[in-house]
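A short write-up of the structure that comes next.
In the text below, chain A, chain B and the rest are named by the order of the sequence lines, each starting its count at 1. Since this is a predicted model, take the numbers as computed values, not measurements.
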2 protein chains.
Amino acid sequence: MRAKEQALNIHEVARRARVSTATVSRAINRVPTVNPKLSQRVWKVIKELGYYPNTQARALVSGRSRIFGLIVSELTNPFFPEIVQVFETIAVRHHYEILLTSTMNDPEQMESSVRRMIERQVEGVAVMTFGMEEALLEDLKLRQVPLVFVDVGPRRPRVSNLRIDYLAGIRQAVQHVAALRHEKIAFITGPHTLKSAMARKQAFLKAMHEIGREPDMNLIVEGNHTMEGGQIACGHLLALTKKPTAILCSNDMTAIGVMRKCYEDGISIPRDLSVVGFDDIRLAQFMLPPLTTVQMSQAELARLAFDALLAEVEREEPLPEGSEYVLKTALIERESTAICREGAVLKTNHPAPIRTVG
Amino acid sequence: MRAKEQALNIHEVARRARVSTATVSRAINRVPTVNPKLSQRVWKVIKELGYYPNTQARALVSGRSRIFGLIVSELTNPFFPEIVQVFETIAVRHHYEILLTSTMNDPEQMESSVRRMIERQVEGVAVMTFGMEEALLEDLKLRQVPLVFVDVGPRRPRVSNLRIDYLAGIRQAVQHVAALRHEKIAFITGPHTLKSAMARKQAFLKAMHEIGREPDMNLIVEGNHTMEGGQIACGHLLALTKKPTAILCSNDMTAIGVMRKCYEDGISIPRDLSVVGFDDIRLAQFMLPPLTTVQMSQAELARLAFDALLAEVEREEPLPEGSEYVLKTALIERESTAICREGAVLKTNHPAPIRTVG
DNA sequence: ATGAAAGCGCTAACAC
DNA sequence: GTGTTAGCGCTTTCAT
């Protein structure tokens, strides 16, 4: 089917530069032993013709595709775009391409993702779906493809894990609202099936204990990491006779749901209620008021994931236990938290955030 | 370097199924003439071994990479994630992979993008950067790679254009606020260098004329499609003695800037001021109040772009003038617009949106 | 330092 | 209907 007119391949370049294809290949790959005169001649032709080597052919012969797979659950989840962006940027810098797939948490699509990755011979896969069927990764394991997981990965050779230090940031959040004299602090969890969500809840409990507060179990309600879940959970909380004055959320979308519920009910944030999110998605800073939240740096996450993959690709002998990396979290104080008014000594002005001491 | 243990390739499958590689290939590609008995035997081995064909090799011999390039300016711009998501979903359905690159509007990165696409032998490229250096596309033109642009493309063979019908949606927006009895209607433009931004401004002017309103040039100020730009532009508008009661924005981020400025200044939306955005990014519905905006369906845009590319790939003879597709826009009424209070007969309740008649 | 040639994994003639 | 074989475009021995 392909037009025969003039194939723009290494042979054509070789012919025009009056050298062998081997020399062209060497010139392109900057093999130092090649005669500068010839190399120049080759490059001149390359420029003239606008020739670019065919990656498929290179990959086929070298056995290296220079592709990393990146599996996310859905790109429209505001948590992911920055991860993808940063991952891609770093990949390009290392002459890698990324094969991005979103699974929508659908087992069928996950399987299709893995299959496509294997077919394209990826050299490594970063799994960002926060929970994935063990079985689906059999094929990847079998092929010794380096893998990196967030939170949920097994300890195995060629598998890296990014452990997230939830406690650090959540502790800061708890201490922050406590310092603002809030007594009734609520927590809206994520889905109980999600490991990372449960880890956040545990971190909250631990942080409360640390400052000698026994968390009120009525103030811990389940959400589902969506805005709607946050709205509903917030509704439950506000219906309590012992209403909370501060609500910490398992993720930012939940917090946004809380903010919406309050908006609808005419409750002013942060005057009447303080809200803290988790993740620090881009959206958080666009909210009104800007959302105080625990940051889990998406850029840092992407960077760690890429580095883990690259290290594994370049490692000759796999480590028997794989590798572990830790990602810190930290509170970002914006304007959705303020000093508690119930029995407060001083009153706060609406939009100005109160900063904790120390 | 590759371990020699046991190559998992077509030969291995052929050996185990006691057939030739040609038969394996035919079985995989479901060539109808192949003996069902043999085919079954082949598939059995394939399943047992967990074999997947090597795409690079297939691409090399068939001359078809089954990759489409997708160039965006930056993925963290909330306009893009849904486009990418939908584009990818459709691509997968057609057994294509996408090569995603973000250029950050940096000429160097654009060049790198194009080079990488050519190296990977993409069969088509969708350019979503809203403006791209002509020169950079020379190489793609040269290779006859089908291209699709949004708004800015040339009329050339193998080049498709998605023209956006800005007027339809903006006309609705103008009529909407006019029906809400707003007299002083402002417009915050995008950067003057951006074709699409200028088209939106022209559409606004036209829509105003259509209803017999001479737009007040003092109420047309320049923004830059960012939140900060919107804040500043809004500041200028509010400093006017003849303040507007409704502000239309060239995109949603600008509108979000307007909302923030109002939040800071204690101006209530929509009670004191109506705001309309453009694009309908996901964020728009999360704002408080949810933003009334002109929708340019990102899903539809992605679908049109993919279809255009696919049509071109499958077309034997290129059309001399390329193809054109039109994407409609339409107003989505949410809660950031309400009836004008200045001299209003009836007062509106805060969160409830007012719907226009007809 | 350079060229000839083998071969990466697959498909598509072409023969049988 | 199935097998044999010649490449696809490139890298990489192995001679020279």
| said: Quick test of your reading of the model: are Arg66(B) and Glu123(B) salt-bridged, counting only N-O distances below 4.0 Å? | reply: no
| message | With nearest nucleotide decided by heavy atoms, which residue, Val19(B) or Leu60(B), maps closer to the 5′ end of DNA chain D? | response | Val19(B)
| Nearest-angstrom distance from the residue atom CZ of Arg120(B) to P of dC8(D) | 22 Å
| d(CZ, Arg64(A); C1', dG9(D)) in whole Å | 19 Å
| NZ/NE/NH1/NH2 to OD/OE distance under 4.0 Å, Glu312(B) and Arg156(B) | no
Review item, nucleotides 10-14 of chain D N/O atoms under 3.5 Å of protein N/O:
from    : atom 1 : to       : atom 2 : distance (Å)
dC10(D) : OP1    : Tyr51(A) : OH     : 2.4
dC10(D) : OP1    : Asn54(A) : N      : 3.0
dC10(D) : OP2    : Ile10(A) : N      : 2.4
dC10(D) : OP2    : Tyr51(A) : OH     : 3.4
dT11(D) : OP1    : Asn29(A) : ND2    : 3.4
dT11(D) : OP1    : Arg58(A) : NE     : 2.7
dT11(D) : OP1    : Arg58(A) : NH2    : 3.3
dT11(D) : OP2    : Ser25(A) : OG     : 2.8

| task | Provide, to the nearest angstrom, the distance between the CD atom belonging to Gln40(B) and the P atom belonging to dT2(D). | result | 13 Å
| With a 4.0 Å cut-off, would you call Arg158(A) and Glu316(A) a salt bridge? | no
| Which of parallel (below 30°), tilted (30 to 60°) and perpendicular (above 60°) describes Phe68(B) and Phe306(B)? | perpendicular
| remark: Here the distance between atom C1' of dT11(C) and atom CD of Gln56(B), to the nearest Å, is 16 Å
| Is Arg15(A) paired with Glu12(A) through a side-chain N to carboxylate O contact shorter than 4.0 Å? | yes
| task | Take atom CD of Glu119(B) and atom C1' of dG9(D), then tell me their distance rounded to the nearest Å. | result | 13 Å
| Lys44(B) bridged to Glu48(B) by N-O distance under 4.0 Å | yes
